[in-house]
S.K.: 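Handing you a structure now.
Fair warning: this is a prediction, and the values are worked out from it, not measured in the lab. Atoms within a ligand are numbered from 1 in the order they appear, just like the ligands themselves. Starting from 1, each residue takes its place in the sequence as its number.
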Amino acid sequence: MKEQQDFRMLDSTYYMPAFSREMMLVRGQGSTVWDADGKEYIDCVAGIAVCSTGHCHPDVVTAICDQAHRLIHCSNLYYIPHQGELAKKLVEITGMHKAFFSNSGAEATDGALKLARVRTGRKKFVAFKHGFHGRTVGSLAVTHKPAIREPFEPLGIPCTFVDYGDLSGLKKVVDRDTAGVIVEPIQGEAGVIIPPDGFLEGIREVCDKSGVLMIVDEVQTGMGRTGKWLAIQHTKAVPDIVTLAKGIASGFPMGALLAREGLEFNKGEHGSTFAGGPVACAAALATITVIEKILPDIARKGERFRKGLSQHNPRVRGLMIGITVGENCPQVQKKCAEEGVLVNCAADGNLRLVPPLVITDDEIDRVIRVINGALGP
Ligand SMILES: Cc1ncc(COP(=O)(O)O)c(C=O)c1O
């Protein structure tokens, strides 16, 4: 197809150069994707932890197509098919009380910040160094990386950044003007950084002492990625607000925030044209049904990765895997792609694997062989 041959030229001529990319993926099935030249890869990027049920899972495709044939959009001025059903399901699996939908993770963060401000009447937030919560003006204010945040300041949301894992640092900055503490239970963009034991429970205690809301960003870690619906469910901490996106609808754009009893938006306080639309809700419901069946096997698959990659000290929580590689990370990523495995480099030379949750044992073994080959002894 001419357009495919010309994709680099079209991109460089007409698309803003905000991304650096090399190949075009044109087809996917399960954990496999094919590029424009027909080369096949096992996809351990999965749209960065998005394609949870694999590419084009037949149940998700059917749900999307069926709903698209009936009603693609109507507006939140009306009750929306599947919306209440999905909210109920998400409330059940997260242990929260009510849901509100968005179109992305960043919007879910924005919603969480708004909810925290409006219900506490406080203005300030605390977040963690190397944490990532999105690129909208609101979510960027609580995202740490100076290179992506500082060019856009002032962002209008005062936020203090504390070392990830440092509870005494947190205690020093949380006060009665703080609306919320936002935290990833495992830092994803930072390279799959797992906090010390007790850290998340410690945040809960600090928040309770000052009447501050604990916002847990499960955009990357949620929807079964770590072997439970939420990564925070591996701990005893119960958050006030949880955000979700990425894996929630198998690649159909969607996000959500969930909040405990007593925390909700009142009429007119928040809204969105597209959020929680009929097709997104249908895709998410089908996604959850698929994940329900495979969730009990995620931890075992993670252990298979851990064992196979043990010589490189991987950080593993279910199917969220990080390996510190250093400055050679881009070369390792390239070598893996040459051998038919897609992985990506997160921050600080950390190789990240977030494959579809449906990845098979044979595929895991092939990925292990390729990564071990690329990293060397
Ligand atoms: C933990 C976390 N929060 C929020 C976001 C932002 O999500 P989105 O890119 O859908 O806006 C991301 C994206 O990588 C993320 O990893």
S.K.: May I ask you to decide whether Asp11 forms a salt bridge with Arg21, counting only side-chain N to carboxylate O separations under 4.0 Å?
M.R.: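 Looking at Asp11 and Arg21, the cut-off is met.
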
S.K.: Is it the case that ligand 1 has an N or O less than 3.5 angstrom from some N or O of Glu184?
M.R.: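 The answer is no, given that Glu184 and ligand 1 share no N or O pair closer than 3.5 Å.
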
S.K.: Name the residue from Thr109, Thr143, Asp217 that meets the side chain to side chain donor-acceptor pair (under 3.5 Å) definition with His133.
M.R.: Asp217

S.K.: For the aromatic rings, using the six-membered ring if either is Trp, is the centroid distance between Phe161 and Phe125 under 6.0 Å?
M.R.: no

S.K.: Return the set of residues passing salt bridge (charged side-chain N to carboxylate O under 4.0 Å, His left out) with Lys335 (not counting sequence neighbours), or none when no residue passes.
M.R.: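 Residues passing salt bridge (charged side-chain N to carboxylate O under 4.0 Å, His left out) with Lys335: none at all.
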
S.K.: Which of the atoms of ligand 1 are close to Gln220, meaning less than 4.0 Å from one of its heavy atoms?
M.R.: 16 (O)

S.K.: Please classify the Arg135 to ligand 1 contact at 4.0 Å (heavy-atom distances, strictly less than): side chain, backbone, both or neither.
M.R.: neither

S.K.: Assess Lys246 for proximity to ligand 1: is some non-hydrogen atom of it under 4.0 Å away?
M.R.: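 Within the 4.0 Å threshold, so yes.
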
S.K.: Of the protein's non-hydrogen atoms, which lies at the shortest distance from atom 10 (O) of ligand 1, and what is that distance?
M.R.: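 Going by distance alone, atom 10 (O) of ligand 1 is nearest to Gly105 N, 2.8 Å.
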
S.K.: Tell me whether the guanidinium CZ or amine NZ of Lys39 lies under 6.0 angstrom from the six-membered ring centre of Tyr41 and within 45° of its axis.
M.R.: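 Relative to the ring axis of Tyr41, which defines the angle, Lys39 lies inside both limits.
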
S.K.: Suppose I only count heavy atoms of Ala106 and a 4.0 Å limit; which atoms of ligand 1 are within that range?
M.R.: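 Selected atoms, number and element: 6 (C), 7 (O), 8 (P), 11 (O).
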
S.K.: Which of the atoms in ligand 1, numbered in the order shown and given with their element, are less than 4.0 Å from a heavy-atom of Ser104?
M.R.: 10 (O), 11 (O)

S.K.: State whether the number of non-hydrogen atoms from other residues, nucleotides or ligands found under 6.0 Å of Glu22 atom CD is greater than 12.
M.R.: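 Not buried by this count: 12 neighbours or fewer within 6.0 Å.
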
S.K.: Tell me the protein heavy atom at minimum distance from atom 3 (N) of ligand 1, and give that distance in Å.
M.R.: Asp217 OD2, 2.7 Å

S.K.: Quick one: list whatever passes salt bridge (charged side-chain N to carboxylate O under 4.0 Å, His left out) with Lys172, sequence neighbours left out.
M.R.: none

S.K.: Could you check atom 2 (C) of ligand 1 against the protein and tell me its nearest heavy-atom contact, residue, atom and distance included?
M.R.: Phe132 O, 3.3 Å

S.K.: Heavy atoms only, cut-off 4.0 Å: how does Glu189 contact ligand 1, side chain, backbone, both, or neither?
M.R.: side chain

